[in-house]
Amino acid sequence: MFDRLLIANRGEIACRIIRTCRRLGIECAVVYSAHDRGARHVRLADFAYPLRGATAAETYLNATAIVAAAQRFGARAIHPGYGFLAENAAFAYTVEKAGLVFVGPAATTIEKMGSKAAAKTMMRAAGVPVVPGDDGAVQDDDHLAAAAGEIGYPILLKAAAGGGGKGMRLVEKPGEFAAALDAVRREALGAFGDDQVIIEKYLAAPRHIEVQIFGDRYGNLVHLHERDCSVQRRHQKIIEEAPAPGLDPKMRDAIHRTALAAGRAVDYVNAGTVEMIVDENSFYFMEMNTRLQVEHPVTEAVTGLDLVEWQLRIAAGEPLPLTQDEIACRGHAIEARLYAEDPVRGFLPSSGVLTMFTVPDTADGNGDLRIDSGYEAGDHIGIHFDPLLAKFIASGAERTQAIARLSGALAHTALNGPRTNLGFLQALLASPEFAAAQIRTAAIDRDLAQFLEDSAELAERAQLLALAARLARQLGSPAGNPWLAGDGWSNGGAQAITWRLALGDNEVEWRLENTAAGWRVQRAAEPSATNAHLITDMRWDGSDLAATLDGIVCRSPAVDEGGRLALTTGGRRFTVVFVDTHDIGPAADPLAGGLHSPMPGKIVAVRAAAGEQVAADQPLIVMEAMKMEITLRAPAAGTVQAVHVGAGDFVAADALLIGFAP
Ligand code: ADP
Ligand code: ADP
Ligand code: MG
């Protein structure tokens, strides 16, 4: 086994690889970019080598600088993690040429499977069923359009070099083909430096089922069972599980055998994943990922194996640790990906300091809960890299147990700072569709609103907490509580006051009464004994709120964001505005500040002109950022006063793009 390993990655996966190194007694080094100087992977590693620059291209994608760091460290091998250089054949060659071991398959295998086109052509030849379509041997526009017509709409256009759900477009009718082809080529060129496309028949409601395979240098190949990754948004996985629930045993067996056939076709060595798309009675090869997968922990949970250890052993020349018969799948495991992104603003990545991040204790369980995190409270979440914060993995004997544990873990997680998808994950896990294992790959995009809705109970609690925060603030004010007098409070009796607050589109008037037992509050519109609540012992230091609601102590991160109270409860984030006061301020005019760019990027198109009347949600600007096209929409109806950018401009984060007339 190697005595020294360099990890060419960051975030949770670098931290996770370090853990296995510790257990195996391998000294490990990481590399880091300028902004990552204080990052968790740098804090955990034995050694950390700085790379010059801040962007991915300058740092974690800089093969030469990474290999130089490995040589300075005296590493025997380099683990690429996932993303960045993990599927870059040229990098694997460079590592090998430098006399180091690349922890992954041979460079030639990465190359062969790197193009979806070449991979599908090869798998078809090996007798593996592939998704019907055109592998794009001829890239001429008219030829591709004709091929799409023959395949039959709807079709899916994919970047041949694509990955991570990027460079993909659903095309429903021939009339939309040309524009979609342009967009995919543009995105593919920007993200992968290659604008070749392939066309596939679009399957309407499939499942994504993938098989973990492992090969050694002695011709042995095994599978570590399957994972179901059907819970996706925009072709990106959000929740994954093992095994695939409710899969017919015959189909499962066939899927495993097909994955092994795919691996054998390329003499596969090390860890790989064969991704398949599955409908009622058939399954098809989609692509092969020649690396460790983000969701590998669910496989570890059901097999009891350490996949990084296997990768290192095989890279060091050892044979596979177990035979196929020795690899069992026990119980059920589910993983949820926690991202720094804002579900209500189209899931745009969100950055800033993670001022609070507390998760349930994983040390006292029986391994039923695992949290792989790249960050801790106090860390800065930047804009340069993938916004994955952490992965929560829960397991149990049955799927229902795993769901309950995972939901519980998310509910006991408190976050403050960047927006996250925590509430969205909870809504997904709580949905009847997920419970019935009925979510299909395109379902979330279609029914998005359903998962964004706040449950009534949580929304009620959020309002009570907001009332508690305002009570705490105002009662604690140095001048006593003069505001109460103005609201009709008299010392002699329990006269009621009313406060109006807004939560989303809902405005509610609350009636508050100071009684001997505490503050008795109820909706002014429907006063009745049954819907009254009691608030006592409220304390708020500006960031942590504690209050006793109906006898139960509730804690919540709560911050006054310039007139809006942002608080998190049950893992969901709520923004409450008091509309009757300027104290925890009134709702701001959504158009007042103008439309700003959410992150640095390039303007692709401007869809509005000065003087134009626009409707709420109307697309105004298309920009390209984080290798994706993003449409910025009007926050409300209004009139455009000035457009400050044009197509082709590069803009900084927060740059003013469009101003609106007052
Ligand atoms: P998994 O299949 O392991 O779930 P994802 O599709 O979520 O992986 O991708 C994992 C990471 O790798 C993401 O950061 C994604 O953006 C990145 N990634 C995947 N494929 C590529 C690729 N071909 N080029 C660049 N980045 C990629
Ligand atoms: P990537 O390299 O970005 O991971 P994939 O080819 O693996 O791209 O596809 C990503 C996801 O897109 C799949 O998991 C599936 O949900 C969806 N998808 C891919 N191909 C098809 C298809 N032919 N029909 C319907 N959905 C598809
Ligand atoms: Mg894929």
Side-chain angles (χ1 to χ4, degrees), residues 1-10 13-32 41 44-49 51 59-114 212-222 224 263 266-273 288-293 296 305-322:
M1 177 54 74
F2 317 109
D3 53 356
R4 299 191 136 197
L5 178 81
L6 182 111
I7 301 163
N9 216 301
R10 65 184 302 284
I13 192 61
C15 301
R16 186 258 166 275
I17 296 167
I18 292 171
R19 207 166 57 221
T20 293
C21 288
R22 282 281 138 73
R23 200 167 55 72
L24 299 180
I26 300 171
E27 256 190 318
C28 56
V30 295
V31 287
Y32 65 96
H41 76 290
L44 290 182
D46 297 314
F47 299 93
Y49 291 81
L51 298 173
T59 58
Y60 301 100
L61 287 171
N62 187 340
T64 316
I66 290 169
V67 171
Q71 284 172 324
R72 270 207 287 161
F73 171 53
R76 303 298 174 89
I78 297 184
H79 195 307
Y82 56 71
F84 295 123
L85 295 168
E87 290 177 280
N88 186 310
F91 178 63
Y93 277 125
T94 309
V95 173
E96 285 166 17
K97 265 215 302 270
L100 303 172
V101 176
F102 176 79
V103 181
T108 48
T109 310
I110 299 175
E111 195 158 28
K112 281 180 203 155
M113 295 295 108
Q212 177 71 55
I213 62 167
F214 256 99
D216 65 18
R217 293 195 200 159
Y218 313 100
N220 305 305
L221 188 75
V222 294
L224 272 63
V266 285
D267 298 322
Y268 201 82
V269 175
N270 218 301
T273 295
M288 177 147 163
N289 290 330
T290 53
R291 58 172 161 91
L292 189 68
Q293 210 87 344
H296 75 277
L305 304 171
D306 179 336
L307 268 57
V308 172
E309 176 181 350
W310 275 44
Q311 283 194 294
L312 294 172
R313 290 195 181 288
I314 288 161
E318 294 181 26
L320 281 172
L322 297 175

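Computation of the quantities below employed the complete heavy-atom set of this structure, encompassing side-chain atoms and omitting hydrogens, waters and symmetry-equivalent molecules.
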By salt bridge (Lys or Arg N to Asp or Glu O under 4.0 Å) - contacts of Asp3 (at least two apart): Arg76
Any non-hydrogen side-chain atom of Phe84 less than 4.5 Å from a side-chain atom of Ile66? no
Are any side-chain N or O atoms of Arg217 and backbone N or O atoms of Ala316, one a donor and one an acceptor, separated by less than 3.5 Å? no
What is the minimum heavy-atom distance between Ile13 and Gly81, and which atoms define it? CG1-CA, 4.1 Å
If we ignore hydrogens and angles and just use 3.5 Å, is the side chain of Asn88 paired with the main-chain N or O of Ala90 as donor and acceptor? yes
For a quick test of reading the model, state the closest non-hydrogen atom pair linking Phe214 to Gln311 and the distance between them. CE2-N, 3.8 Å
Keeping to residues at least two apart or across chains, list the side chain to side chain donor-acceptor pair (under 3.5 Å) pairs with something in residues 23-32. Arg4-Glu27, Arg23-Asp306, Arg23-Glu309
Shortest non-hydrogen contact between Cys28 and Phe73, atoms and distance: C-CZ, 3.9 Å
Val31 and Tyr60: which non-hydrogen atoms are nearest, and at how many Å? O-CE2, 3.5 Å
Under 4.0 Å between a side-chain nitrogen and a carboxylate oxygen: does that hold for Arg22 and Asp46? yes
Is a side-chain donor or acceptor of Asn9 paired with a backbone partner of Tyr82 at a separation under 3.5 angstrom? yes
Any donor-acceptor N/O pair, Asp216 side chain to Ile314 backbone, under 3.5 Å: no
For residues 96-110, dump all side-chain donor-acceptor pairs below 3.5 Å to protein atoms at least two apart in sequence or in another chain.
none

